[in-house]
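Note that ligands are numbered from 1 as they come in the structure, with each ligand's atoms numbered from 1 the same way. Atom set for the values below is all heavy atoms of this structure, side chains included, hydrogens, waters and symmetry mates excluded.
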Amino acid sequence: MNNKPQNITILGAGAWGQALAHLAAINQHTVRLWSRHSPVSLEDTLANTDIILCAISMKGVRDVANLVNSVNEKSLKNTIVVTATKGLEPYTTYTPSQIWETIFPHQPVVVLSGPNLSKEIEQKLPAATVVASKNVVAAQQIQLVFSSQQFRVYTNPDPVGVELGGTLKNVIAISAGVCDGLHLGTNAKAALVTRGLTEMVRIGNTLGAKTETFYGLSGLGDLLATCNSPLSRNYQVGYQLANSKTLPEVLSSLSGTAEGVNTCRVLMEIAQKHSIAIPITEQVYQLLAGEITPRQALDKLMLRDIKSEFDNFPVEQIWSRGEKC
Ligand SMILES: NC(=O)C1=CN([C@@H]2O[C@H](COP(=O)(O)OP(=O)(O)OC[C@H]3O[C@@H](n4cnc5c(N)ncnc54)[C@H](OP(=O)(O)O)[C@@H]3O)[C@@H](O)[C@H]2O)C=CC1
Ligand SMILES: O=C(CO)COP(=O)(O)O
């Protein structure tokens with residue numbers, strides 16, 4: 001394993017790109033930060049790079065990946081691509097890593113995702129994350145690059161699960177913001193987040209992710225961070241909608257990207273296609289579309305048909321085993 005300082009190019013100089021640049025610099029790596037407004041060309045920025053890390057918002061990932069491919073295809077032979085975006089592409093429903101893998105089929109692609117609110121990382125507070133790849137060696141290499149006293153990095157062999165955890169929780173974080181904005185209390189919030197995790201697992205399983213990944217840092221961990229912190233932009237969207245702001249008003253005052261807004265639309269397409277029940281996401285979708293009020297969304301969730309808690313574990317099964325208590 002190569003523990004030498006690496007040349008890292010970070011694509012995207014927003015909140016997350018800058019925080020990751022800080023984390024990489026702790027271990028003496030050479031970091032170049034690029035955005036579409038950079039004075040230095042992408043070609044020059046990518047010269048001799050060992051690692052490309054993408055922290056571009058979902059809407060720009062494909063364009064930027066194509067740009068990287070067009071300017072520097074040959075010299076990227078041994079380069080590891082790391083993706084840190086948390087979103088889904090409309091129409092294709094691809095995750096960011098699937099876009100990178102399609103455009104760079106011969107490069108190792110690593111997903112980096114976890115409970116990582118960039119404002120806390122900028123304050124040098126401790127955090128943990130997950131790096132996941134089909135290429136174990138590449139994931140271990142990225143683990144070495146970023147591990148420090150401030151940032152604890154775990155590997156995971158389920159890149160789709162790790163990526164989807166970070167992406168799907170954004171929609172639930174919007175609903176958690178609504179819950180707090182309406183002052184619905186701790187019981188309601190616990191119920192919402194727990195049932196939200198069930199929705200994440202249902203979608204994740206359909207898209208090929210492992211259930212246990214959603215109970216780790218990149219799933220439950222990130223869900224807890226974003227559903228409980230006013231630093232989360234997605235949480236802020238929900239909180240402010242519950243305080244009578246319109247979506248355009250919220251988005252125009254928000255610093256940075258709230259990916260959950262677009263992810264929610266893509267999830268509705270996926271759920272319809274595969275007949276997956278995602279009641280919380282559905283209410284968030286209707287709320288974002290201005291079709292219902294936060295109170296109406298709450299009523300709809302509370303008055304759904306009563307059912308067993310677990311999809312594949314009906315309560316009748318437990319009772320028939322004599323475990324009723
Ligand atoms: N902030 C956080 O705490 C975390 C964020 N993330 C994820 O990282 C991603 C980026 O988030 P964050 O840095 O906060 O967002 P910001 O809005 O702060 O930054 C977004 C970056 O993406 C670039 N960008 C946006 N659209 C395009 C495009 N069409 N073409 C090229 N570049 C584009 C922006 O460039 P420009 O300035 O030119 O618009 C900017 O560099 C998101 O997917 C987010 O979910 C993941 C973990 C933590
Ligand atoms: O993904 C994040 C923390 O892990 C950042 O959340 P927001 O995009 O909601 O700010």
Side-chain angles (χ1 to χ4, degrees), residues 9-23 32-39 42 45 53-68 82-90 94-97 99-100 111-123 125 127-131 146 151 153 162-178 180 196 200 216-240 250-264 266 284:
T9 300
I10 297 187
L11 307 174
W16 192 213
Q18 290 186 43
L20 284 163
H22 153 75
L23 290 170
R32 298 175 208 144
L33 205 52
W34 178 91
S35 84
R36 55 188 163 174
H37 307 299
S38 295
L42 181 59
T45 312
L53 191 154
C54 177
I56 300 273
S57 309
M58 189 66 237
K59 61 181 190 289
V61 168
R62 187 175 286 277
D63 285 351
V64 170
N66 278 326
L67 205 59
V68 172
V82 183
T83 164
T85 305
K86 295 177 176 175
L88 288 172
E89 189 175 50
Y94 279 3
T95 67
S97 74
I99 295 175
W100 282 101
V111 172
L112 185 152
S113 190
N116 300 148
L117 294 157
S118 59
K119 284 226 165 75
E120 292 191 359
I121 287 171
E122 289 290 3
Q123 290 166 30
L125 293 170
T129 204
V130 182
V131 290
F146 280 100
F151 205 47
V153 184
V162 167
E163 201 167 28
L164 286 175
T167 292
L168 304 182
K169 60 80 195 173
N170 282 333
V171 177
I172 308 303
I174 296 176
S175 75
V178 173
D180 284 356
M200 289 166 59
L217 280 172
S218 57
L220 179 60
D222 206 358
L223 185 66
L224 292 176
T226 18
C227 289
N228 289 310
S229 174
L231 291 178
S232 156
R233 286 82 47 96
N234 289 287
Y235 173 97
Q236 279 298 335
V237 169
Y239 189 88
Q240 292 185 38
V250 176
L251 294 181
S252 66
S253 66
L254 206 66
S255 67
T257 313
E259 296 278 18
V261 175
N262 287 325
T263 299
C264 191
V266 183
V284 172

Test item, Ala15 contacting ligand 2 (heavy atom, 4.0 angstrom):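 Contact check Ala15 vs ligand 2: negative.
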Ligand 2 contact by Lys169, heavy-atom criterion under 4.0 angstrom: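 Distance cut 4.0 Å: Lys169 passes for ligand 2.
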Candidates Asp222, Thr263, Asn170, Thr167 - the one meeting side-chain hydrogen bond (donor to acceptor under 3.5 Å, both in side chains) with Lys86: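 The option that passes is Asp222.
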May I ask you to check whether [X] has an N/O atom sitting below 3.5 Å from an N/O atom of ligand 1?
X: Gly87; result: no
X: Ser57; result: yes
X: Arg233; result: yes

[X] neighbourhood, listing ligand 1 atoms whose heavy-atom distance to it stays under 4.0 Å:
X: Thr257; value: 15 (O), 16 (P), 17 (O)
X: Ala84; value: 7 (C), 8 (O), 46 (C)
X: Gly256; value: 17 (O)
X: Ser118; value: 1 (N), 2 (C), 3 (O)
X: Gly60; value: 27 (C), 28 (C), 29 (N), 30 (N)
X: Gly12; value: 41 (O)

Just so I know, are the side chains of [X] and [Y] near enough to count as touching, which here means a heavy-atom distance under 4.5 Å?
X: Leu223; Y: Met200; answer: yes
X: Leu112; Y: Phe146; answer: yes
X: Glu259; Y: Leu88; answer: no
X: Ile121; Y: Leu23; answer: yes
X: Ser113; Y: Glu163; answer: no
X: Leu33; Y: Gln18; answer: yes
X: Glu89; Y: Val266; answer: no
X: Val237; Y: Leu251; answer: yes

Taking heavy atoms and a distance under 4.0 Å, where does [X] meet ligand 1: side chain, backbone, both or neither?
X: Leu117; result: backbone
X: Ala13; result: backbone
X: Asn116; result: backbone

Provide the closest heavy-atom pair for [X] versus [Y] in the form atom of the first, atom of the second, distance.
X: Ile174; Y: Val284; value: CG2-CG1, 3.9 Å
X: Leu117; Y: Thr226; value: CD2-CG2, 4.4 Å
X: Leu20; Y: Ala55; value: CD1-CB, 4.4 Å

Could you check whether any side-chain N or O of [X] sits under 3.5 Å from a backbone N or O of [Y], counting only pairs where one atom can act as donor and the other as acceptor?
X: Ser253; Y: Val250; answer: yes
X: Arg233; Y: Thr257; answer: yes
X: Ser35; Y: His37; answer: yes
X: Ser232; Y: Tyr235; answer: yes
X: Thr83; Y: Cys54; answer: no
X: Gln236; Y: Leu254; answer: no

Is there a heavy atom in [X] that sits closer than 4.0 Å to ligand 1?
X: Val64; result: yes
X: Ala55; result: yes
X: Lys119; result: no

Among all protein heavy atoms, pick out the one at the shortest distance from [atom]; state its residue, atom name and that distance to 0.1 Å.
atom: atom 19 (O) of ligand 1; answer: Gly14 CA, 3.3 Å
atom: atom 24 (N) of ligand 1; answer: Ile56 CG2, 3.9 Å
atom: atom 18 (O) of ligand 1; answer: Ala15 N, 3.0 Å
atom: atom 12 (P) of ligand 1; answer: Trp16 N, 3.9 Å
atom: atom 37 (O) of ligand 1; answer: His37 CD2, 4.1 Å

Close N or O approach (Gly114, ligand 2; < 3.5 Å):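 Yes; the residue has a nitrogen or oxygen that sits under 3.5 Å from a nitrogen or oxygen of the ligand.
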Nearest protein heavy atom under 4.0 Å from atom 34 (C) of ligand 1, yes or no: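 Not a single protein heavy atom is under 4.0 Å away.
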Proximal ligand 2 atoms for [X], defined as those under 4.0 Å from one of its heavy atoms:
X: Asn116; value: 3 (C), 4 (O)
X: Asp222; value: 3 (C), 4 (O)
X: Asn234; value: 7 (P), 8 (O), 9 (O)

Residue selection (non-hydrogen contact nearest atom 28 (C) of ligand 1) among Glu259, Arg36, Glu120: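 Ranked by closest heavy atom to atom 28 (C) of ligand 1, first place is Arg36.
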Gln236, Arg233, Lys119: member with heavy atom nearest to atom 10 (O) of ligand 2: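 Answer by nearest heavy atom: Arg233.
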Proximity of Lys86 to ligand 2 by residue part, where a heavy atom lies under 4.0 Å: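 The part of Lys86 near ligand 2 is the side chain, not the backbone.
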Residue portion contacting ligand 2 (non-hydrogen atoms closer than 4.0 Å) for Thr226: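 The side chain, only.
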